[in-house]
2 protein chains.
Amino acid sequence: MARPRTPLLDRRRIGAGALRIADEQGALSIPALARELGVAPSALYHHVSGREEIISLMREELALETGPDDWDPSRPWEQALEAWARSYRGAFATHPGAVPLLATAPLAEPFMHAMYERVAELLLTAGFGAGQVMPLINALENFVLGSALDLVAPPVMVSDVTREAAPHLSAALDDTPTDNRRAELAFDTGLRALLTGFRALLPR
Amino acid sequence: MARPRTPLLDRRRIGAGALRIADEQGALSIPALARELGVAPSALYHHVSGREEIISLMREELALETGPDDWDPSRPWEQALEAWARSYRGAFATHPGAVPLLATAPLAEPFMHAMYERVAELLLTAGFGAGQVMPLINALENFVLGSALDLVAPPVMVSDVTREAAPHLSAALDDTPTDNRRAELAFDTGLRALLTGFRALLPR
DNA sequence: ACCTGAACACCGTTCAAGT
DNA sequence: ACCTGAACACCGTTCAAGT
């Protein structure tokens, strides 16, 4: 049984398997992942250093699934930036159960550099100053990550107590969808606002 | 030893203790919390239903520490909204080690309703439509939560590899602070942009 | 009502042994 | 090099027993 002639595991399989487990169970455990991959838990440690690295592999797998060509940087910068943000959040939306694992420690990983490079070029070409680029990217990314977490947030409940103590909140909630369009609407609103605000930050 | 005449524990003490543990250790375990409170782990279960509820108590404690009067809704709506966002994020910044625990499942909890009510009133008075209020609040909140996580994000490293493969990114990183001002700058930039964009969404 | 101490199922990780 | 199985320290939670 030990040492199969063709390896049962590789990092790619581990990342993809972990993503499936998190998707299905909303959490990740090493025994569950090992079971999914048909292997003993200890086998994993021949390929990764530990749990943290597995989560990093999940992010990498997500990036590979999404692909770098989900958005087109040759369009006007506002459209391209919007497409980037939507594709970024869309990748999370495909794996809601994994979001808390993935969004918590963002994306300093090397395989993200290619993506950042394209966005940085986009913004520099658009006329933003070099010192503006990372703050803009970080700000948009913070919004995307927060919005990804919002996808799995518990709904705000309007009890009768709330209605009396919080009339304005209740009025607002009455005009807010309670299904998954709520998070969509919030994302659309914030994204539009950010892009408008970015435009106003463009020099001259 | 059992059944002291005056209780050793209450929910307030548990929330505050959990916040201290998470601050110090960057994580929360029940044994560590029990030790901090001078009590056996099982004692906690007489006051809370489990780990999840302890984390909820941490959020409540954070809200109590911050206080509802950190911002003044009587000012112009843009200033008041900015102050709210800053005070909200500031509360997280005071407990960086606890941020991943606190920011992951936001704030549907009842003790947050009072805060939402004030922001909702603010926006309605400013002239936003009832249907706009929650999307605006959610969008700003998503940005605040993402920015809170950004406080504890690992820094982006510029290796020599990166420099050759990603010239635009490197140029941008050269003009970006590497210390804690990086996250500040991103937050300021995004917040300013959001407020500008919100203004543009105001009817008529 | 509120705490202790023992117990349980489970987790992440290590390591010697096998091919 | 790559897997298994046993082992370890640790975790969250339950529960009977004590006041």
Side-chain angles (χ1 to χ4, degrees), chain A residues 1-61 97-102 104-105 154, chain B residues 1-61 97-98 100-102 104-105 109 154:
Chain A
M1 262 297 190
R3 173 76 159 130
R5 40 180 55 246
T6 160
L8 299 174
L9 289 180
D10 57 59
R11 294 167 59 86
R12 186 77 200 269
R13 257 185 277 259
I14 292 174
L19 213 42
R20 284 197 302 276
I21 292 294
D23 272 346
E24 289 162 20
Q25 335 208 129
L28 176 70
S29 86
I30 312 291
L33 173 57
R35 210 174 308 122
E36 163 83 13
L37 298 171
V39 109
S42 50
L44 294 164
Y45 292 83
H46 291 274
H47 302 265
V48 298
S49 63
R51 187 186 154 84
E52 276 308 298
E53 192 169 337
I54 294 178
I55 293 175
S56 171
L57 287 176
M58 294 171 70
R59 281 193 265 272
E60 191 161 356
E61 181 64 24
V99 165
L101 247 21
L102 300 172
T104 318
Chain B
M1 263 298 190
R3 173 75 158 130
R5 41 179 54 246
T6 159
L8 299 174
L9 252 36
D10 58 61
R11 295 167 58 87
R12 185 76 200 268
R13 258 186 276 260
I14 292 174
L19 213 43
R20 284 197 302 276
I21 293 293
D23 273 345
E24 289 163 20
Q25 336 208 126
L28 176 70
S29 84
I30 312 291
L33 173 58
R35 209 175 310 120
E36 163 83 14
L37 298 171
V39 110
S42 49
L44 294 164
Y45 292 83
H46 291 273
H47 302 265
V48 298
S49 63
R51 188 186 154 85
E52 276 308 298
E53 192 169 336
I54 294 177
I55 294 176
S56 170
L57 287 178
M58 295 170 70
R59 280 193 265 273
E60 190 161 356
E61 182 62 24
L101 247 21
L102 299 173
T104 318
E109 341 240 0

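Note that the coordinates shown come from a computational prediction; the quantities given were computed from them, not determined experimentally. Naming convention: chains lettered A, B, ... in sequence-line order (proteins, then strands); numbering from 1 in each chain.
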Testing the basics here: between [X] and [Y], what is the closest heavy-atom pair and its distance to 0.1 Å?
{"X": "A22(B)", "Y": "L101(B)", "answer": "CB-CD2, 4.1 Å"}
{"X": "P41(B)", "Y": "P31(B)", "answer": "CG-CA, 4.3 Å"}
{"X": "M58(B)", "Y": "L28(B)", "answer": "SD-CD2, 4.0 Å"}
{"X": "R59(A)", "Y": "L102(A)", "answer": "NH1-O, 2.7 Å"}
{"X": "A18(B)", "Y": "I54(B)", "answer": "CB-CG2, 3.7 Å"}
{"X": "G17(A)", "Y": "L37(A)", "answer": "CA-CD2, 4.3 Å"}

Of the nucleotides dC3(C), dG12(D), dC3(D), which has the atom closest to the L9(A) side chain?
dC3(D)
Between dG12(D), dG12(C), dC2(D), which one does the side chain of I30(B) approach most closely?
dG12(D)
With a 3.5 angstrom cut-off on both distances, give the Watson-Crick or G-U wobble partner of dT14(D), or none if there isn't one.
dA6(C)
Pairing partner (Watson-Crick or G-U wobble, both distances under 3.5 angstrom) of dT19(C)
dA1(D)
Give the rounded distance in Å between these two atoms: [atom1] of [X] and [atom2] of [N].
{"X": "L8(B)", "N": "dC3(C)", "atom1": "CG", "atom2": "P", "result": "5 Å"}
{"X": "E52(A)", "N": "dG12(C)", "atom1": "CD", "atom2": "C1'", "result": "12 Å"}
{"X": "L33(B)", "N": "dT13(D)", "atom1": "CG", "atom2": "C1'", "result": "14 Å"}
{"X": "I55(B)", "N": "dC11(D)", "atom1": "CD1", "atom2": "C1'", "result": "14 Å"}
{"X": "R51(B)", "N": "dC10(C)", "atom1": "CZ", "atom2": "P", "result": "18 Å"}

With a 4.0 Å heavy-atom cut-off, tell me which residues in residues 34-47 of chain A come close to DNA chain C, sorted by residue number.
S42(A), Y45(A)
Residues in contact with DNA chain C, drawn from residues 12-26 of chain A - heavy-atom cutoff 4.0 Å
none
Would I21(A) and R35(A) count as a side chain to side chain contact (heavy atoms under 4.5 Å, CB included) if you check the C-alpha gap in whole Å, the side-chain angles of each, and the deciding distance to 0.1 Å?
CA-CA 10 Å; I21(A) 292 294; R35(A) 210 174 308 122; over 6 Å; no
For E53(A) and I14(A), what are the C-alpha separation, side-chain angles and deciding distance, and is it a side chain to side chain contact (heavy atoms under 4.5 Å, CB included)?
CA-CA 10 Å; E53(A) 192 169 337; I14(A) 292 174; over 6 Å; no
Assign each of A32(A) and S49(A) the nucleotide of DNA chain C bearing its closest heavy atom; nearer the 5' end lies the nucleotide of A32(A)
What nucleic acid atoms does L28(B) come within less than 4.0 Å of, heavy atoms only: base, sugar-phosphate, or nothing?
sugar-phosphate
Of R12(A), R11(A), R13(A), which meets salt bridge (Lys or Arg N to Asp or Glu O under 4.0 Å) against E61(A)?
R12(A)
